[in-house]
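First comes the structure, then the notes that go with it.
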Protein chains: 2
Amino acid sequence: MAGQTRRRGAALEEAILQAAVAELTESGFAGLTMDKVAARAGTNKNAIYRRWPNRLALGIAAYKQLATAVPLPDTGELRGDALELLRQANRHWSSPLGAILRDLLVAAGGATEFLAQLQDQSGDAAAAPWLTVLGRAVARGEAAPEVLHPRVATVAVVLLRNEFVVRGVPSAPDDVLVEIVDEVYLPLVRRRGEDAGQAPG
Amino acid sequence: MAGQTRRRGAALEEAILQAAVAELTESGFAGLTMDKVAARAGTNKNAIYRRWPNRLALGIAAYKQLATAVPLPDTGELRGDALELLRQANRHWSSPLGAILRDLLVAAGGATEFLAQLQDQSGDAAAAPWLTVLGRAVARGEAAPEVLHPRVATVAVVLLRNEFVVRGVPSAPDDVLVEIVDEVYLPLVRRRGEDAGQAPG
DNA sequence: CAACTAGGGTACTTTTCGTACCGTATTCGC
DNA sequence: GCGAATACGGTACGAAAAGTACCCTAGTTG
């Protein structure tokens with residue numbers, strides 16, 4: 001009856017996103033229901049569906065609001081940098097935010113159009129810090145130049161993610177991180193320019 | 001009215017599982033509904049819920065029926081064996097069966113009690129062939145003995161799985177497999193006993 | 001000021017899981 | 001063999017939750 005000052009456009013969109021973020025942090029993606037988001041934003045599902053085609057799209061948009069960049073480590077040694085990057089990743093995936101990311105990846109279920117939006121947070125963009133850190137190590141002579149390749153550079157973090165997927169652990173113990181670095185990553189990137197395993201004939 | 005010869009116990013259980021397997025192969029895990037399985041098995045949901053607590057458990061049980069062991073390669077060279085193992089995994093994950101496995105892992109969502117049942121197919125048991133193949137390579141002098149460790153031995157297959165998760169590809173091209181073997185796996189396991197990256201002090 | 005657009009309220013359809021009842025066939029203990 | 005316990009079959013139901021459809025109304029736009 002009184003002044004209803006109906007929100008529109010960007011204002012309403014922000015309110016919806018903020019409500020989605022709140023639901024996401026409180027209840028995870030599983031608990032993100034369109035009705036609850038609408039209720040919390042003080043609107044209704046219509047307004048949401050006009051902006052996002054489905055629940056997953058809304059979830060991804062809300063997740064992006066939450067994702068934040070972490071500082072690049074620079075300990076002066078590859079081992080320290082690699083461990084710090086792994087610890088950052090471990091913290092992230094152990095956090096409620098990590099659980100949400102996993103749920104979203106799961107819900108995307110290989111749909112490339114959705115995966116592309118999440119890769120900035122989990123995939124290719126994750127390669128950038130590793131390449132930087134590894135580049136410094138190469139300059140220092142700690143690593144062979146031919147390892148400056150995304151596939152090689154990100155081996156450590158891929159192995160750590162594998163721990164989460166396969167073991168379903170809430171958080172990988174630090175031993176595991178150290179093992180990944182010492183048993184796999186450092187030996188891999190330190191190889192001096194031996195014959196790099198070309199096929200025979 | 002006439003002789004209904006009602007099935008019980010193991011006979012009924014097999015019928016249900018077989019129906020679940022059929023639904024799984026035809027429609028994937030998403031299409032595996034309790035009602036359809038019951039109808040197909042010529043029974044009703046009661047009989048199912050008496051045996052499996054929920055849809056996921058039934059899906060896992062049905063998947064296990066489908067999973068079959070593959071022969072261990074022995075090409076006489078580590079590179080050939082590794083590539084063959086990767087190609088087997090690639091074929092598996094590209095197949096409808098692989099899609100089902102991914103869906104199940106997704107549905108398990110980190111629940112350890114379910115993950116444990118799937119790890120035989122995707123996780124730890126997958127380490128056994130790699131350790132065998134790698135053991136032969138060590139005996140031949142193709143690999144350093146200290147790499148006979150599950151974490152190191154399975155690096156290649158973990159990287160391949162990562163391709164599926166991150167890229168959402170239906171099937172990894174063979175170049176990727178070759179790259180994983182030549183750029184990562186072989187250099188990693190071939191390291192001669194250098195200083196294995198212990199922490200400084 | 002009139003026409004158009006976008007929000008709000010609400011109800012509804014659909015799908016599917018999981019549960020509850022109730023009568024009956026089969027098996028098991030005696 | 002015979003009665004009691006158990007497991008099946010049929011069916012119906014409750015509970016979410018996604019997504020859709022209308023209709024009315026508040027703002028915006030020209």
Side-chain angles (χ1 to χ4, degrees), chain A residues 1-20 22-24 26-62 100 103-104 106-109 111 113-114, chain B residues 1-20 22-24 26-62 100 103-104 106-109 111 113-114:
Chain A
M1 326 306 196
Q4 4 235 138
T5 311
R6 196 180 271 186
R7 293 162 303 182
R8 299 196 140 225
L12 182 55
E13 187 153 333
E14 267 182 52
I16 295 173
L17 261 182
Q18 197 174 326
E23 289 293 330
L24 212 48
E26 283 175 21
S27 324
F29 182 62
L32 182 86
T33 74
M34 302 307 252
D35 283 301
K36 282 199 288 182
V37 171
R40 184 161 204 155
T43 179
N44 63 6
K45 290 194 287 182
N46 274 338
I48 304 180
Y49 278 105
R50 260 184 224 118
R51 293 174 168 77
W52 294 274
N54 52 46
R55 191 172 84 98
L56 176 57
L58 175 62
I60 291 175
I100 293 169
D103 284 349
L104 290 174
V106 148
E113 74 267 26
F114 292 117
Chain B
M1 327 300 197
Q4 6 236 143
T5 311
R6 197 180 270 187
R7 292 161 304 182
R8 300 196 139 225
L12 183 55
E13 185 152 335
E14 267 181 52
I16 295 172
L17 260 182
Q18 196 174 327
E23 288 292 331
L24 212 48
E26 283 175 22
S27 323
F29 181 63
L32 182 87
T33 74
M34 304 306 254
D35 283 299
K36 281 199 289 182
V37 171
R40 184 161 204 153
T43 180
N44 63 5
K45 290 193 289 182
N46 273 339
I48 303 180
Y49 278 104
R50 260 182 226 118
R51 293 173 168 80
W52 295 275
N54 50 46
R55 191 172 82 98
L56 176 56
L58 174 62
I60 291 175
I100 293 168
D103 284 350
L104 290 173
V106 148
E113 74 266 28
F114 292 117

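Lettering follows sequence order; numbering is per chain, from 1.
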Under 3.5 Å: donor-acceptor pair, side chain of A:Arg51, backbone of A:Leu58: no
Applying side chain to side chain contact (heavy atoms under 4.5 Å, CB included), can you list everything that pairs with B:Ala57, at least two apart in sequence or on another chain? B:Trp52, B:Pro53, B:Asn54, B:Phe114
How would you list, by chain and number, every residue that makes a side chain to side chain contact (heavy atoms under 4.5 Å, CB included) with B:Lys36, sequence neighbours excluded? B:Glu23, B:Ser27, B:Thr33
Those residues at least two apart in sequence (or on a different chain) that pass side chain to side chain contact (heavy atoms under 4.5 Å, CB included) with A:Tyr49 are A:Met34, A:Lys45
Between the two end axes of the helix from C:dC1-D:dG30 to C:dC30-D:dG1, each built from 5 base pairs, what angle do you get to the nearest 10°? 20°
Whole angstrom value for the distance that separates C1' of D:dG19 from CD1 of A:Ile48: 12 Å
Could you tell me the separation between the OH atom of B:Tyr49 and the C1' atom of D:dC8, rounded to a whole number of Å? 17 Å
Between D:dA18 atom P and A:Lys45 atom NZ, what is the distance in whole Å? 7 Å
Of the listed nucleotides C:dT19, D:dT20, C:dG8, the one nearest the side chain of A:Ala47: C:dG8
Can you tell me how far the CG atom of A:Leu32 sits from the CD1 atom of A:Ile100, to the nearest 0.5 Å? 9.0 Å
Heavy atoms only: give me the nearest A:Ala62-A:Leu24 pair and the separation to one decimal. CB-CD2, 3.7 Å
On a plain distance test, is the side chain of A:Asn46 in donor-acceptor contact with the base of D:dA21 below 3.5 Å? yes
Report all interatomic pairs (protein N or O, nucleotide N or O of nucleotides 3-5 of chain C) with separations under 3.5 Å.
from: C:dT5; atom 1: O2; to: A:Arg8; atom 2: NH2; distance (Å): 3.2

Can you name the side chain to side chain donor-acceptor pair (under 3.5 Å) partners of A:Glu26, sequence neighbours left out? A:Arg40
Who are the side chain to side chain donor-acceptor pair (under 3.5 Å) partners of A:Glu14, not counting sequence neighbours? none
Does A:Arg55 make a side-chain donor-acceptor contact with the base of D:dG19, cut-off 3.5 Å? no
Closest approach of A:Leu12 to A:Ala47 (non-hydrogen atoms, all atoms of both residues): CD2-CB, 3.9 Å
Quick check on A:Gln18: does its CD atom have over 12 non-hydrogen neighbours (other residues, nucleotides or ligands) under 6.0 Å away? no
Specify the closest pair of heavy atoms between B:Val37 and B:Ile48, including all atoms of both residues, with the distance to one decimal. CG1-CD1, 3.8 Å
The correct set of residues in residues 27-41 of chain A placing a heavy atom under 4.0 Å from DNA chain C is none
Separation of C:dC17 C1' from B:Trp52 CH2 (nearest whole Å): 17 Å
Phosphate contact (C:dG7 OP1 or OP2) by A:Arg50 side-chain N/O below 4.0 Å: yes
Quick note, A:Asn44 side chain, CB onward, closest among C:dG9, D:dG19, D:dG9 is C:dG9
Measure CZ/A:Arg51 against P/D:dG19 and give the value in whole Å, please. 17 Å
